[in-house]
Protein chains: 2
Amino acid sequence: MREPTFLVLTALTDGPKHGYGIIRDVAELSDGRVKLLPGTLYAALDRLVAQGLVEHVRDDVIDGRMRRYYSLTGNGLRVLQAETARLRQLAGAAEARLRALKPRLT
Amino acid sequence: MREPTFLVLTALTDGPKHGYGIIRDVAELSDGRVKLLPGTLYAALDRLVAQGLVEHVRDDVIDGRMRRYYSLTGNGLRVLQAETARLRQLAGAAEARLRALKPRLT
DNA sequence: CAACATATATTGCCGATCAATCTATCCGCA
DNA sequence: TGCGGATAGATTGATCGGCAATATATGTTG
């Protein structure tokens, strides 16, 4: 799973959000590094819904603007936990190698 | 940067390796999760060389089999460190969200 | 009234990976 | 002796996900 998709799932852990809300939350979660583009977000949401990791819960109209809300499914949460563990393992393996390298420079 | 490419760079931190050696090391680094396919590896190596993150250091012939060695460049090391920090941040952000979620279940 | 933020949506392109296949050598086992 | 498996490198075509660009529409701010 790629970074934008991972961040979409992460953004949905603390409750349902609509598209633009996800864009804002993802920017915050990534310290401003990842600014989701509409093409990326909506394609990712469609894909995640098709995979059963996210579901479309309701539509609201706030001040004349449409808001389409999405929520993480139980399976989506499990997949996110597995992906997080994968990232942790990956970062850990690289850090171990880098730590083993640096002491040689002293 | 994607996972296979990241693992190729990580595999090269402890010294030059040839293609098949990288494949073995990446499998080990990822606890058997990532089995690099030839198409992925050689495309990644060509790309990394073109980007100056990896260099082709020498060719050996061992027992009649060709071995093409690649090494991490100084810039490659810096990029790997930055990518590792990114992964760490990403995993950390997701873990914080998941930790905030779980206590609600108690 | 212009610019900007909010909000969703579509289209075409491209980069990276995957799947499959190929060639070739060496080693162990039956 | 021959067969499979491990070693070693390479190519091709397909697919998937993200990016760039653009479009529509409303609300807010200067």
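In this text the structure is predicted, and so the values were computed from the model without any measurement.
Across D/dG17, D/dG9, D/dA20, the shortest atom-to-atom separation from the side chain of A/Arg47 is found for D/dG17. Of the candidates C/dT17, D/dG9, C/dT8, C/dT8 carries the atom nearest the A/Tyr42 side chain, counting heavy atoms from C-beta on. The side chain of B/Tyr20 approaches D/dT7 more closely than any other nucleotide in the set D/dC19, C/dT6, D/dT7. Distances from the side chain of A/Pro38 to the nucleotides D/dA21, C/dA16, D/dA20 place D/dA21 closest. Set against C/dC26, D/dA8, C/dT6, the side chain of B/Asp63 has C/dC26 as its closest nucleotide.
Within the 4.0 Å cut-off from OP1 or OP2 of D/dA8, at least one side-chain nitrogen or oxygen of B/Arg24 is found. Considering only side-chain N and O atoms, B/Thr40 lies nowhere under 4.0 angstrom from the phosphate OP1 or OP2 of C/dA16. The phosphate of C/dT17 has OP1 or OP2 within less than 4.0 Å of a side-chain N or O from B/Thr5.
Annotation: side chain of A/Thr84 is not in contact with side chain of A/Thr10 (no heavy-atom distance under 4.5 Å). Taking the side chain as every heavy atom from C-beta outward, A/Asp25 and A/Lys17 approach each other to under 4.5 Å.
Separating the CG atom of B/Leu37 from the P atom of D/dT15 is a distance of 17 Å, rounded to the nearest angstrom. Going from atom CG of A/Asp59 over to atom P of C/dT6 covers 20 Å, rounded to whole Å. Look at CD1 on A/Ile22: it is 15 Å from C1' on C/dA9, rounded to the nearest Å. Rounded to an integer number of Å, the gap from A/Arg58 CZ to C/dT8 P is 12 Å. Rounded to whole angstrom, the span from the CE atom of B/Met66 across to the P atom of C/dC26 amounts to 14 Å. Put simply, CG on B/Asp25 is 16 Å from C1' on D/dA8, counting in whole angstrom units. Going from atom CG of A/Asp60 over to atom P of C/dT8 covers 11 Å, rounded to whole Å. Look at CG on B/Leu36: it is 17 Å from P on C/dA20, rounded to the nearest Å.
Mapping B/Asp46 and B/Arg2 onto DNA chain D by nearest heavy atom places B/Asp46 at the nucleotide closer to the 5' end. Each of A/Gly39 and A/Ile62 was matched to the nucleotide of DNA chain D holding its nearest heavy atom; the match closer to the 5' end belongs to A/Gly39.
Interatomic distance, CG of A/Leu12 versus CZ of B/Arg97, reported as 9.5 Å (0.5 Å rounding). The CG atom of A/Leu9 sits 11.5 Å away from atom CD of A/Gln81, with the distance rounded to the nearest 0.5 Å.
B/Arg86 and A/Ser30 share no donor-acceptor pair across their side chains, judged by distance under 3.5 Å alone.
One donor-acceptor pair, N or O on each side, does fall under 3.5 Å between the base of D/dT26 and the side chain of A/Arg65. Contact of A/Arg68 with C/dT8 (side chain to base): no donor-acceptor pair of N or O atoms is detected under 3.5 Å.
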